[in-house]
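All chains are named by letter (A, B, ...) in the order of the sequence lines, taking the proteins before the strands, and each is independently numbered beginning at 1.
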Protein chains: 4
Amino acid sequence: MPEERPRRRQARGERRMAEILDAAAGVFAEAGFERATTNAIAAAAGISPGSLYQFFPNKPALAQALADRFVTEMDTAHRTAFEGADFAALPLDELLDRVVDPILAFNVDNPGFKALFARPDMPRDLAAAAQPIQGALLGRIERLLAARAPGTPEPERARNARVLVQVFQGLVPLVVAAPEEERPALTVEVKRVLGGYLRTIEGR
Amino acid sequence: MPEERPRRRQARGERRMAEILDAAAGVFAEAGFERATTNAIAAAAGISPGSLYQFFPNKPALAQALADRFVTEMDTAHRTAFEGADFAALPLDELLDRVVDPILAFNVDNPGFKALFARPDMPRDLAAAAQPIQGALLGRIERLLAARAPGTPEPERARNARVLVQVFQGLVPLVVAAPEEERPALTVEVKRVLGGYLRTIEGR
Amino acid sequence: MPEERPRRRQARGERRMAEILDAAAGVFAEAGFERATTNAIAAAAGISPGSLYQFFPNKPALAQALADRFVTEMDTAHRTAFEGADFAALPLDELLDRVVDPILAFNVDNPGFKALFARPDMPRDLAAAAQPIQGALLGRIERLLAARAPGTPEPERARNARVLVQVFQGLVPLVVAAPEEERPALTVEVKRVLGGYLRTIEGR
Amino acid sequence: MPEERPRRRQARGERRMAEILDAAAGVFAEAGFERATTNAIAAAAGISPGSLYQFFPNKPALAQALADRFVTEMDTAHRTAFEGADFAALPLDELLDRVVDPILAFNVDNPGFKALFARPDMPRDLAAAAQPIQGALLGRIERLLAARAPGTPEPERARNARVLVQVFQGLVPLVVAAPEEERPALTVEVKRVLGGYLRTIEGR
DNA sequence: CATGAATGAGGGTTCATTCAT
DNA sequence: GATGAATGAACCCTCATTCAT
């Protein structure tokens with residue numbers, strides 16, 4: 001089957017790249033961009049330094065690819081969280097459940113994500129990779145606010161959205177770092193914070 | 001006057017150390033711990049690399065000293081914010097004004113602080129330098145909560161305190177990074193977030 | 001026919017080796033010995049790096065084989081130039097025509113030759129591959145001088161031969177690098193130089 | 001004497017640079033550009049690798065500086081050889097003595113020169129450093145030919161000059177590589193070659 | 001005490017060579 | 001025999017730290 005060959009080979013390459021990215025995520029998260037050595041990443045991926053460079057041309061590119069992968073996954077998580085419901089009509093508590101739970105779950109399942117982007121020692125343009133989703137998230141929140149608090153003037157709405165995102169992202173590490181059994185309670189608190197703020201917005 | 005000599009010398013040394021720390025704050029904030037070179041710090045401080053090592057035995061120690069200085073200053077700011085009022089009796093809005101404003105002001109005035117501690121590429125034990133104030137702050141908040149919401153059981157109160165601190169610290173960068181004219185409005189939002197959450201706590 | 005197999009295989013192998021050497025000649029000439037990568041040579045030859053090592057055990061051996069091939073061809077060219085005439089009796093101009101033209105023609109047709117040997121970044125022992133023909137050429141010139149200037153004492157004759165060879169080889173690149181239309185005129189000059197020197201030798 | 005400090009320091013730096021260049025000349029000549037390691041050069045210069053980079057930003061720059069130094073020295077040698085005599089009137093033999101001897105002497109005293117420029121594995125733009133003197137030399141020869149053989153038409157004169165330079169440069173390595181005691185005899189031969197050719201030019 | 005040249009270990013990257021398929 | 005992914009030694013260069021002046 002001559003068709004199989006390239007596919008299988010490419011599949012192997014893809015798997016390798018994924019393995020390397022997994023290893024890189026760990027090492028970067030552990031040591032930071034600068035202190036992470038490409039040799040350490042290669043070792044963590046169970047390959048030789050030379051092999052690493054067959055997949056990524058250099059260290060920043062590796063970090064970039066990692067960022068891109070995270071961004072894609074995160075975006076998917078966001079999309080899922082914000083899809084398929086009439087957010088204007090939903091009771092506040094239900095809304096929070098629908099949105100907060102999946103995003104929090106994603107972050108718990110991908111602890112490397114925050115660990116990586118919280119590291120501003122990365123090349124600035126790399127951190128910029130996160131901006132698209134950040135922007136998309138902000139847009140979603142703004143639309144949500146427009147639906148639920150239509151009376152709010154535009155500049156204030158934008159500010160509200162930024163505050164909401166910032167608060168949520170500030171709380172994510174707390175939940176992620178917490179021991180398993182603490183997380184449900186903390187999740188409740190997250191929703192209380194967001195809910196408390198949203199109520200002041202909607203109640204204007 | 002044999003007494004004078006050492007004192008003057010020490011005074012000069014203290015000044016030098018302060019200058020070096022100022023320079024280091026800038027360079028670290030600009031470049032991150034790893035990318036900041038000791039030579040760059042020495043140059044920024046207007047001294048030679050060799051002289052730098054007369055005051056600090058190595059790069060981590062320099063960062064540590066910087067962290068310590070920040071911590072001390074931050075603690076002072078906190079102390080001021082939490083002193084001299086009966087927090088149990090104060091209306092919520094007034095309470096928030098009294099506590100939030102000075103701490104926010106300190107952070108705006110010392111942008112290096114967050115810039116430094118937001119850089120987890122620093123040796124982990126270094127970031128730990130912040131833990132004392134963190135702990136002190138938590139203690140203060142807990143006491144405040146105990147006074148204002150005495151009904152809350154202990155483990156939940158601790159959780160509430162941690163959430164409050166985390167939310168606040170998550171919002172600090174937003175305020176610090178905002179242009180001057182945006183800050184008052186953002187400060188209001190910060191208080192709304194904290195107030196909203198506190199109300200749900202007090203209102204139990 | 002069990003006899004056929006190996007022969008055909010060998011023939012194929014020879015062709016492959018020749019193809020590889022062709023590719024190597026190009027890459028070496030272009031990039032020099034060190035900067036030429038075996039992978040580039042394999043690619044230029046249209047084979048995989050692994051296959052290359054089926055024919056040549058390592059990079060120097062490849063260069064060596066290339067040198068050997070060049071040397072053989074060069075020797076053939078020399079042999080042709082120096083065969084079938086009574087060099088003792090020939091008028092000087094005719095002698096120069098008979099000797100210079102074919103060797104120059106060979107060099108023009110095989111620009112890789114000089115390009116390769118003019119690169120002393122090659123392992124020294126490799127350049128030594130050229131020494132046999134060099135020696136043969138010297139011998140031929142010495143015999144020629146012995147015939148045409150029998151009075152010259154031996155050590156001087158050897159010196160004369162070396163000078164002649166060196167002068168000629170020094171001029172070859174000039175001719176090879178010159179645009180097509182300049183070559184005839186330059187060839188005339190080459191002969192004038194050699195002729196001028198030879199005349200002083202013969203005229204002693 | 002505050003004036004002394006910078007001067008002495010600069011002087012020391014200049015000496016260091018010269019020492020490094022000397023070491024580099026040896027290592028480059030021995031191993032070629034690619035195979036020469038910066039660590040080997042540093043070791044040959046009796047310094048650490050790091051120190052080398054305080055004087056030259058990278059390996060090509062080191063080679064470039066070396067080339068520039070050689071070019072300057074060579075140009076001086078040429079200038080001396082071609083100065084202070086009426087070349088139009090001089091008998092041919094005397095002319096050759098005046099020009100050939102000093103340039104040959106320079107090359108014998110600076111064996112690294114040829115060894116370096118004969119290595120086309122150097123970055124091409126680096127070898128280009130030699131072109132200015134090459135051009136200057138050609139100009140000098142052309143002027144000399146114009147004076148001594150005014151009848152020659154321009155394009156031919158340029159060709160004659162190129163041939164002369166090429167012949168001479170082709171013979172230089174022979175003289176440089178020869179054992180001390182052989183050099184006088186070889187020098188005579190060089191002059192005979194050049195003289196023989198010049199005679200055919202002047203005698204037109 | 002200050003200086004700044006010197007040190008050298010260590011990191012990113014390349015490429016000749018090998019080997020499982 | 002062919003393939004091309006994998007290997008790992010070695011190279012260029014940086015920068016924290018030292019030390020002679």
Query raised in the report: Shortest non-hydrogen contact from D:Ala36 to D:Val27?
Result: CB-CG1, 3.6 Å

Report task. Quote, to the nearest angstrom, the P distance that separates F:dT21 from E:dC1. Result -> 22 Å

Report task. Quick one: label A:Phe55 by what it contacts on the DNA or RNA (base, sugar-phosphate, nothing), any heavy atom closer than 4.0 Å. Result -> sugar-phosphate

Report task. Grab the CG-P distance between C:Leu52 and F:dG1 for me, whole Å please. Result -> 15 Å

Query raised in the report: When you check the phosphate oxygens OP1 and OP2 of F:dG4, does a side-chain N or O of C:Ser48 lie under 4.0 Å from one of them?
Result: no

Requested in this report: Map D:Arg16 and C:Thr38 onto DNA chain E by nearest heavy atom, then report which one ends up closer to the 5' terminus.
Outcome: D:Arg16

**Report entry** Earlier contact from the 5' end, DNA chain F, for D:Thr37 and C:Asn39
**Finding:** C:Asn39

Query raised in the report: Any salt bridge between B:Arg69 and B:Asp22, counting N to O under 4.0 Å?
Result: yes

Query - Of A:Asn58, A:Asn39, A:Ile41, the residue whose pairing with A:Leu52 passes side chain to side chain contact (heavy atoms under 4.5 Å, CB included) - result: A:Ile41

Query raised in the report: Can you check whether D:Ser51 has a side-chain N or O nearer than 4.0 Å to OP1 or OP2 of E:dA5?
Result: no

Query raised in the report: Within the structure shown, what part of the strands sits under 4.0 Å from A:Ile47 by heavy-atom distance: base, sugar-phosphate, or nothing?
Result: sugar-phosphate

Report task. Rounded off to whole Å, could you give me the CZ-to-P distance for the B:Arg35 and F:dA16 pair? Result -> 13 Å

Query raised in the report: At under 4.0 Å between heavy atoms, what does A:Ala36 touch on the DNA or RNA strands: base, sugar-phosphate, or nothing?
Result: sugar-phosphate

